[in-house]
Amino acid sequence: MENCLQLQDKVILISGGSRGIGKAIAQTLAELGAKVIITYTGVSESSKQNAENTIAEIKNKNGTAIALPLDVTNEEQCKKIIKEIIDKYGEIYGLVNNAGISIDQLSLRYKEDDWDKVVNTNLKGAFLLSKSALRYLIKQKEGSSVVNISSIVGLTGNPGQIAYTSSKAGLLGMTKTLALELSSRKVRVNAIAPGFIETDMTDSLSDEQQEKLKKDIPLGRVGKVAEIAWTCAFLLSPRSSYITKECITVAGGM
Ligand code: NAP
């Protein structure tokens, strides 16, 4: 069963895979035998340490993983990390555009600078990293796969999240265009729209906000990072070979 998703030895890059959803994706892919590359920004004191801890946990379970520094908003760094991966492994099979940030405020008070930070990371960053990886992804004769981590609020909107919802909706448009542009080269491009998932990003919400959110979830609970990770593993897997240009919502029925 370990090989049921046929990801053994596949080289897969996960932007921001040092914690949260990205970490769970990295762990799941490594358990399935993939060669995983995660990234860290180094902006906070814990950033590099988180990445090192993730790599150590994966290696303890006999997985293959490395961590490299990356700021997805910087095109030179995006090109450099892809080059490093090609130099080390000779190929790349999969890309997960997971890196994301959220700065929340009502639109009337939203600062231009915060808009730029959020949209540049969540939307432009996914474009720059995809663009850098594409010339190698198209070389995979049996096909390759890109998964963009969007959000349910990119589909529904959410008061107080003007830049975040706009960036996540934009990511869905990007998913569709890339899927259409690359289908003839056997690169599949899909998105996941997670609902309310337990991570550092959602920990910052107050208890009251969290309780209110849970009431809107038909399954009556927040999601687990592993539930996003398994969906991502399926979309990366050759087992989903006839799925492209799709968005799977993983949100407990929201
Ligand atoms: P998280 O715990 O806050 O982790 C965010 C990750 O993104 C970190 O690894 C961080 O790296 C990285 N990152 C931030 N800015 C970056 C940049 N400029 N360049 C490269 N990496 C950068 O977030 P999460 O909750 O796991 O969310 C992961 C993805 O899922 C995001 O795209 C988020 O929008 C989406 N999502 C989350 C939820 C949820 O409920 N949690 C719901 C829907 C969608 P460092 O730690 O090294 O800085």
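What you see below is based on every heavy atom in this structure, not just the backbone, and it leaves out hydrogens, waters and symmetry mates. Indexing begins at 1, ligand by ligand and atom by atom, following the structure's order. Position 1 is the first residue of the sequence; numbering continues from there.
Against a heavy-atom cut-off of under 4.0 Å, Y40 is close to the following atoms of ligand 1: 47 (O). Below 4.0 Å from some heavy atom of S47 lie the following atoms of ligand 1, by number and element: 45 (P), 47 (O).
Shortest contact from atom 48 (O) of ligand 1 to any protein heavy atom: T41 OG1, 2.6 Å. For atom 30 (O) of ligand 1, the closest heavy atom belonging to the protein is I149 CG2, 3.3 Å. Of all protein heavy atoms, the one closest to atom 20 (C) of ligand 1 is L70 O, 3.3 Å. Nearest protein neighbour of atom 34 (O) of ligand 1, counting heavy atoms only, is Y164 OH, 2.5 Å. Among all non-hydrogen protein atoms, the one lying nearest atom 19 (N) of ligand 1 is V72 N, 2.9 Å. Protein heavy atom nearest atom 2 (O) of ligand 1, with residue, atom name and distance: R19 NH1, 3.4 Å. The protein heavy-atom contact nearest to atom 37 (C) of ligand 1 is I21 CD1, 3.5 Å. Ranking the protein heavy atoms by distance from atom 23 (O) of ligand 1 puts M201 CE, 3.8 Å first.
With respect to the salt-bridge test (charged N to carboxylate O, under 4.0 angstrom), the residues K80 and E84 qualify.
Residue contacts with ligand 1: K168 is placed with a nitrogen or oxygen under 3.5 Å of a nitrogen or oxygen of the ligand (distance criterion only). Checked by distance only, ligand 1 and S18 come closer than 3.5 Å through their nitrogen or oxygen atoms.
Contact check for Y40 versus R19: no side-chain heavy atoms found under the 4.5 Å cut-off. Using a 4.5 Å heavy-atom threshold, the side chains of L178 and V146 count as separate. Proximity of K35 to K10: side-chain heavy atoms (C-beta onward) are nowhere separated by under 4.5 Å. A heavy-atom distance below 4.5 Å is not found between the side chains of T73 and K124.
No path of Ile, Leu, Val, Met, Phe, Trp and Tyr side chains, each step under 4.5 Å between heavy atoms, connects L172 with V250, placing them in separate hydrophobic clusters.
Closest heavy-atom approach to atom 40 (O) of ligand 1 within the set I197, V96, D71, T199: this belongs to I197. Ranked by closest heavy atom to atom 29 (C) of ligand 1, the top entry among I14, V222, N98 is N98. Here atom 5 (C) of ligand 1 lies nearest to G100 when heavy atoms of G20, G100, G16 are compared.
Heavy-atom distances between A51 and ligand 1 stay at or above 4.0 Å for every pair.
Only the backbone of S150 comes within contact range of ligand 1, with a heavy atom under 4.0 Å; no side-chain atom does. At a heavy-atom distance under 4.0 Å, only side-chain atoms of I101, from C-beta outward, approach ligand 1.
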I'd like to know whether S130 forms a side-chain hydrogen bond (donor to acceptor under 3.5 Å, both in side chains) with N97, so could you lay out the CA-CA distance, the side-chain angles of the two residues, the decisive distance to 0.1 Å, and finally the verdict.
CA-CA 8 Å; S130 302; N97 284 307; 3.0 Å; yes

Passes salt bridge (Lys or Arg N to Asp or Glu O under 4.0 Å), E31 versus K61? Steps please.
CA-CA 8 Å; E31 277 172 31; K61 291 189 172 177; 3.7 Å; yes

Just do the side-chain hydrogen bond (donor to acceptor under 3.5 Å, both in side chains) check on N50 and S18 with the steps written out, would you?
CA-CA 6 Å; N50 286 335; S18 55; 5.3 Å; no

Test log, rule side-chain hydrogen bond (donor to acceptor under 3.5 Å, both in side chains), inputs S150 and N148
CA-CA 6 Å; S150 177; N148 294 323; over 6 Å; no

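In the displayed structure, R221 atom CZ is contacted under 6.0 Å by more than 12 heavy atoms of other residues, nucleotides or ligands.
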